[in-house]
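For reference, the structure is listed below as C-alpha cells.
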There are 2 protein chains.
Amino acid sequence: MPARTKLSDTFCPLGRTAEFLGDRAVILILRELFFKSARFDAITRGTGLGPQLVSARLKMLEQHDVVERRPYQQRPLRYAYHLTPKGQDLFDILYVMRNWAEKWAYAPQEVEADYAVQYLHRGCGADVGTEIHCPQCGERLGFGTVKAVLSPALARERLAKQAV
Amino acid sequence: MPARTKLSDTFCPLGRTAEFLGDRAVILILRELFFKSARFDAITRGTGLGPQLVSARLKMLEQHDVVERRPYQQRPLRYAYHLTPKGQDLFDILYVMRNWAEKWAYAPQEVEADYAVQYLHRGCGADVGTEIHCPQCGERLGFGTVKAVLSPALARERLAKQAV
DNA sequence: GCTTGATACTATGATTATCATAGTTACGAT
DNA sequence: ATCGTAACTATGATAATCATAGTATCAAGC
C-alpha cells in the first residue's frame, strides 16, 4: 500500500496512541514483555509472528523509548528486551483490553475459570475485576459517565477536519 | 501479504482484543463514534482515512456487534452508525489510551491546557485524571501492582507455544 | 426537466506491509 | 569438525491500503 497517513501530528492524544498501538504485532509483543518473556525467540514464539516483524517492531519500540535492549550475557553477546517506565505505563491499556475481552469476546470453548487471567492487587489482595472507577468517588467509569472537555487547540483541529 | 495469522482462537483475552483493536483504522473510527460523529462522511473526514477503509471496518464492526447501523432519514434512505453496549464498553480502552498519551506522547507544539482532553466525572464532578485505581483500596493500579493468575487452559496454551 | 448538491458509498490501479521459508552470524559444546 | 542455540536478515509471493475517480439516490433550484 502507499505510505499510510501520518497521525502523530495531531492534538488528539488518542490519535497519537493509535499510531503505534493500533497494530496487532505491537500489542502482542507488549503482552509478552509484560509476561516477562524478554528474549527474542520467546517473543517470536509467544506471539506467533515472523521474526522480521518482531525485529522491526522491537526496533521501533526502542526508538520510541518504550523498550530497552540490554545484554543478558557476554559471550556470545546476547540481548534481551525490557520495558522502560514509558513502556510499563502501557500496562493500563493492556489491562483494560483484557477486561473488555473477558466480558465480551469469549474464547473458543471456555471455561474452567471465571477469568482467563485473574488479577489480584498486591497491595490489598482484592480481585481488581474488569471495571475502572472514579478516583474520587469510586463509582464505575464508562461510556456516558464522563464529560470530555477539549483543549482549544484540539477543538480547532476537529472543527477544521469537518469543514468541506 | 499472505493472510495474517489468526489470533482469535486463543484463550488469551488480550490476543482476542488485539485481533480487531490492533488496527489504526478501528481505533480512529471508534474515537469518532465516541465523539458522536455518527455519519459516514463525518467519520471519514474525522479520521482522514479513505472511504473504502472506513466502509470495510464499519462492516466488520457491525458483524462483531460493536456497531449498529440505523436509518436517520427515509428519503433518501440514509444510515448512521452507533455503538452497541458491547461497543460502548470499549470506552475504557480508548480512555486509557488517552491517559497514556497525555503523559508520554506529546503533541507537536503543546500546550494551552494541562490535558488535550479533560474528563470530568458526571457523578461527582471530579477530574478523573490519567490513572486507574483499585476498586477496593483505591490505590493506583499499574505495572507490578497486580499479580496475574492464568486459568489452566491459558497456562497450557502458553506453555505449548514456548516448547520447541 | 435538467443541472447542481449532498450523502453514502464502490471500483481501479499503484504501492507497501506482512507472511512463510530459508539463510546468516557468532559462539559453545561434543 | 560438526552440531546446537540464539538472534536475527534476506527473498519472493500475496494481501491490505492509499489516492483518485466514479456510481446511486434523492431534493431543490432554475
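As the structure is a prediction and not an experimental result, all values here were calculated from the model. In what follows, every chain begins at residue 1, and chains take the letters A, B, ... in the order their sequences are listed. Computed from heavy atoms alone, side chains included, the values below leave out hydrogens, waters and symmetry copies.
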> Going by heavy atoms closer than 4.0 Å, what residues in residues 63-76 of chain B are next to DNA chain D?
Replying inline: B:Arg75, B:Pro76
>> From CZ of A:Arg78 over to C1' of D:dC8, roughly how many Å is that when rounded to an integer?
In response: 9 Å
>> Test of understanding: with side chain to side chain donor-acceptor pair (under 3.5 Å), list the residues that count as partners of B:Gln52, not counting sequence neighbours.
In response: none
>> Checking A:Gln136 now: which residues fulfil side chain to side chain donor-acceptor pair (under 3.5 Å) with it, not counting sequence neighbours?
In response: none
> Within this structure, what is the CG-to-C1' distance between B:Leu58 and C:dA8, rounded to whole angstrom?
Replying inline: 11 Å
>> Which residues pass the side chain to side chain donor-acceptor pair (under 3.5 Å) test with A:Arg158, not counting sequence neighbours?
In response: B:Glu32
>> Under 4.5 Å side-chain heavy-atom separation, chaining through any Ile, Leu, Val, Met, Phe, Trp or Tyr, what else clusters with A:Tyr79? Say none if it is isolated.
In response: A:Leu77
>> Nearest whole Å is fine: how far is D:dA7 C1' from A:Leu49 CG?
In response: 16 Å
> Looking at residues at least two apart in the chain, or sitting in another chain, which of them share a salt bridge (Lys or Arg N to Asp or Glu O under 4.0 Å) with B:Arg75?
Replying inline: none
>> Using a 4.5 Å cut-off between side-chain heavy atoms of Ile, Leu, Val, Met, Phe, Trp and Tyr, which other residues end up in the same hydrophobic cluster as A:Tyr72?
In response: none
> Which heavy atom in A:Gly138 sits nearest to a heavy atom in A:His133, and how many Å separate them?
Replying inline: O-ND1, 3.0 Å
>> Rounded to whole Å, please give me the gap between CD1 in B:Ile29 and P in C:dC9.
In response: 12 Å
> Side-chain N or O of A:Thr44 less than 4.0 angstrom from OP1 or OP2 on D:dA7?
Replying inline: no
> Expressed in angstrom and rounded to an integer, what is the separation of A:Asp23 atom CG from D:dT17 atom C1'?
Replying inline: 14 Å
> For A:Asp41 and D:dT9, what is the distance between atoms CG and C1' respectively, to the nearest whole Å?
Replying inline: 14 Å
> Which pairs with one or both residues in residues 30-64 of chain A pass ring-ring contact (aromatic ring centres under 6.0 Å, His included), sequence neighbours excluded?
Replying inline: A:Phe20-A:His64, A:Phe34-A:Phe91, A:Phe34-B:Phe143
> Within less than 4.0 Å of OP1 or OP2 of C:dA8, is there a side-chain N or O belonging to B:Lys59?
Replying inline: no
> Of the residues in residues 30-40 of chain B, which ones touch DNA chain C at a heavy-atom distance under 4.0 Å?
Replying inline: B:Arg39, B:Phe40
>> What is the separation between atom OH on B:Tyr79 and atom P on D:dT25, rounded to the nearest whole Å?
In response: 13 Å
What N/O pairs connect the protein and nucleotides 28-30 of chain D at under 3.5 Å? Give each pair on its own line.
none

>> Please tell me if A:Ser55 has a side-chain N or O lying less than 4.0 Å from either OP1 or OP2 of D:dT9.
In response: yes
> Atom CZ of A:Arg24 to atom P of D:dA16: distance rounded to whole Å?
Replying inline: 11 Å
>> So, taking the atom named CG in B:Asp92 and the one named CG in A:Asp92, what distance separates them when rounded to the nearest 0.5 Å?
In response: 11.5 Å
> Quick one: hydrophobic cluster around B:Val149, which other residues, with the 4.5 Å side-chain cut-off, linked directly or via members?
Replying inline: A:Leu120
>> Holding to side chain to side chain donor-acceptor pair (under 3.5 Å), I want the full list of residues that pass it with A:Lys103, two or more places apart in sequence or in another chain.
In response: B:Asp89
